[in-house]
Amino acid sequence: MTERDEKMAAPVAGARAALVGTAVTATLLAAGSGYGWKLRPPGAVAEEVFLQKCLRCGRCAHACPYAAVQMGDLADGLAIGTPLIVPRQTPCYLCPDLPCVKACPSGALDPQLTDAQKTRMGTAVIVEREECLSLKGLRCEACYRACPLLDKAISIENYLNVRTGRHAIFEPVVHKQHCTGCGICEQVCVLERPAIVVGPLQPPTESLYEG
Amino acid sequence: MKVNRWTVARRCVQLAVVALLASPLWSREVFEGTLASASLLGLKLSDPLATLQVLLLTGTLSLSLLIGSATVLIFYGLLGGRVFCGWVCPVHLLTDLTDLLPWTKRLRCWPLSGKTAALVAALLLSLLFGVPAFETVSPIGIAVRSLTFGGGLGALVLLLVVLTELLLARRAWCRSLCPLGGLYALLGRVGPLRVAYDGGRCIHCGRCSATCFVPEVLEPSLQSGAARVTAGDCSRCGACIGVCPTAALTFNCARKTNKPKEVER
């Protein structure tokens with residue numbers, strides 16, 4: 001290869017490299033765009049805006065005294081580097097001073113949230129009614145007793161157990177208007193697969209069967 | 001072999017930065033955050049490129065990001081943009097170590113202008129996908145986060161960077177692909193701190209060019225006798241100064257040199 005050829009080849013190789021880099025990035029981003037619902041730290045703005053605003057800096061996770069805030073990995077697609085809470089591992093304990101919100105530099109966690117009890121990360125839902133021990137007529141109520149908004153976010157409604165005809169069923173009932181989505185109920189559920197889990201505040205609007 | 005004092009100093013700073021970035025594991029008193037955004041002894045710091053992507057996507061900026069990125073821009077504006085690359089970035093440390101392997105010297109080099117293209121691509125992809133594109137895939141972010149949150153699949157991205165630099169082109173990521181390096185190379189065109197060249201002392205031994213990871217910014221000075229290296233791509237790493245046997249190369253902080261003709265470039 002002559003010197004002139006080398007001079008010509010270098011920018012071409014560079015341009016090719018830049019194209020490959022762009023293509024790899026685009027593929028990664030496109031692959032990640034089919035993300036599922038994620039439980040975000042307190043004060044997180046709507047998911048679409050959250051992904052725009054979040055710097056992936058991890059300061060909320062550093063600020064969390066319980067290490068409940070984890071950082072997404074490559075396996076989480078577009079959510080890589082963004083903060084997540086996995087209640088079954090460590091739920092949010094709703095610190096009254098909201099250190100995660102205070103640590104966020106970009107407003108992805110809304111600084112207007114100052115009262116931890118007004119957090120709305122999601123809402124608890126009893127997804128396994130057939131498995132829930134309380135609904136089977138046992139005195140479990142672990143979720144009810146662990147709830148930081150006892151008798152507000154989860155109350156116990158009792159009624160006659162028609163199966164025995166002589167006992168009561170003490171049913172835990174979630175009240176969405178008070179539930180913060182902290183996930184403590186999900187964590188303390190005694191079942192191997194929790195009967196109560198935190199899910200999105202609104203059900204998905206698009207068909208589950210599309211794409 | 002003679003020890004390059006500037007490279008020893010730089011390794012110490014690079015390792016100190018890694019220790020600082022890992023320090024939230026033990027205490028958040030001194031440092032909290034990552035290179036994307038941090039608080040250092042209460043001082044707000046934010047990555048200007050991350051801030052730019054958020055500004056582009058949302059049209060607004062929080063006061064914290066504004067102050068943080070202004071602080072960082074002023075700091076690197078004064079020291080020379082790519083001082084970040086040479087002295088702070090942990091990926092640069094990783095590729096510095098990769099470059100110590102003998103066969104990487106024989107690989108070709110891709111042009112430095114690739115970084116500017118990568119910078120533009122990062123901003124366009126951000127708009128296209130509605131996420132800060134570079135923050136999402138950044139090996140720098142992945143490397144720094146892994147220090148306090150542990151590694152995961154993200155380490156594959158770092159592996160990709162190392163493999164590219166081992167097999168395809170020498171220092172490919174830091175020379176030609178990193179958008180953040182592209183931004184700091186633009187910033188590096190201003191700032192008083194430069195490598196100064198004294199043609200009278202130079203014996204043209206070529207050691208400086210051999211040790212420099214962006215030799216094309218050093219060559220014009222050596223050939224034309226320009227008193228200062230003016231290119232933004234110079235990371236002020238000092239390797240050329242440390243290796244020079246006749247002290248023809250020095251750091252120079254003067255606003256003007258005795259050759260004003262060269263300053264205008």
Side-chain angles (χ1 to χ4, degrees), chain A residues 1 6-7 9-30 32-33 45 48-63 65 67 69-83 99 102-108 111, chain B residues 24 28 32-39 44 46-47 50-51 53-54 57-58 60-62 64-65 68 108-114 117-118 121-122 124-126 128-138 141-142 144-145 148-149 151-157 160 164 168-169 172 176-177:
Chain A
M1 203 186 258
E6 272 175 26
K7 272 186 183 161
V12 174
R16 206 191 299 143
L19 269 178
V20 170
T22 309
V24 168
T25 308
T27 315
L28 266 177
L29 293 177
S33 53
V45 294
E48 206 183 288
V49 186
F50 182 82
L51 285 174
Q52 292 178 347
K53 283 193 169 180
C54 175
L55 289 179
R56 283 76 170 158
C57 70
R59 289 177 67 177
C60 51
H62 283 161
V69 180
Q70 311 179 0
M71 302 304 283
D73 189 25
L74 193 62
D76 297 301
L78 269 195
I80 178 174
T82 61
K102 282 189 188 143
C104 179
S106 70
Chain B
R28 297 194 294 115
E32 172 203 285
T34 57
L35 287 177
S37 179
S39 160
K44 289 185 171 76
S46 287
D47 177 352
T51 306
Q53 288 166 89
V54 170
L57 285 165
T58 63
T60 55
L61 276 188
S62 67
S64 179
L65 280 193
R108 65 196 149 170
C109 287
W110 288 340
L112 299 174
S113 54
L124 289 178
L125 285 173
S126 296
L128 189 63
F129 287 96
V131 294
F134 184 56
E135 299 321 300
T136 306
V137 296
S138 163
I142 287 170
V144 177
R145 284 194 303 267
T148 51
F149 302 115
L153 278 179
L156 287 176
V157 176
L160 202 65
T164 309
L168 286 180
S176 311
L177 298 176

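Lettering follows sequence order; numbering is per chain, from 1.
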Is it true that a side-chain atom of R28(B) and a backbone atom of H62(A) form a donor plus acceptor pair closer than 3.5 Å?
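Here the side-chain-to-backbone pair exists.
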Between R59(A) (side chain) and T34(B) (backbone), is there a donor-acceptor pair under 3.5 Å?
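Judged by distance alone, no pair lies under 3.5 Å.
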Proximity breakdown for [X] and chain A, heavy-atom pairs closer than 4.5 Å:
X       : result
I142(B) : side chain
A38(B)  : backbone
T164(B) : neither

Would you name the heavy atoms of Q52(A) and V54(B) that are closest together and state the gap between them?
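Closest approach of Q52(A) to V54(B), heavy atoms only: O-CG2, 3.8 Å.
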Take L55(A) and D47(B) through the side-chain contact (heavy atoms from CB on, under 4.5 Å) test and state the conclusion after the steps.
CA-CA 9 Å; L55(A) 289 179; D47(B) 177 352; over 6 Å; no
Quick check on the interface: out of [options], who has the most heavy-atom pairs with chain B under 4.5 Å?
options                         : result
C104(A), S106(A), A103(A)       : S106(A)
G72(A), G107(A), A67(A), A63(A) : A63(A)
G81(A), G58(A), C54(A)          : G81(A)

Between chain A and each of S46(B), G141(B), S64(B), A50(B), count heavy-atom pairs under 4.5 Å; write down the option with the most.
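Between S46(B), G141(B), S64(B), A50(B), the count favours S64(B).
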Heavy-atom pairs under 4.5 Å with chain A, option from A172(B), S37(B), S39(B), A36(B) with the top count:
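The answer is S37(B).
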Residue A108(A) versus chain B: region with a heavy atom under 4.5 Å:
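The answer is neither part of A108(A).
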At what distance, to the nearest 0.5 angstrom, does CZ of R145(B) lie from CG of D73(A)?
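It comes to 9.0 Å.
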Which value, rounded to the nearest 0.5 Å, describes the distance between K53(A) atom NZ and L65(B) atom CG?
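K53(A) NZ to L65(B) CG: 9.5 Å, rounded to 0.5 Å.
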Quick one: are P132(B) and R56(A) in side-chain contact, heavy atoms under 4.5 Å?
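With C-beta onward as the side chain, the pair touches.
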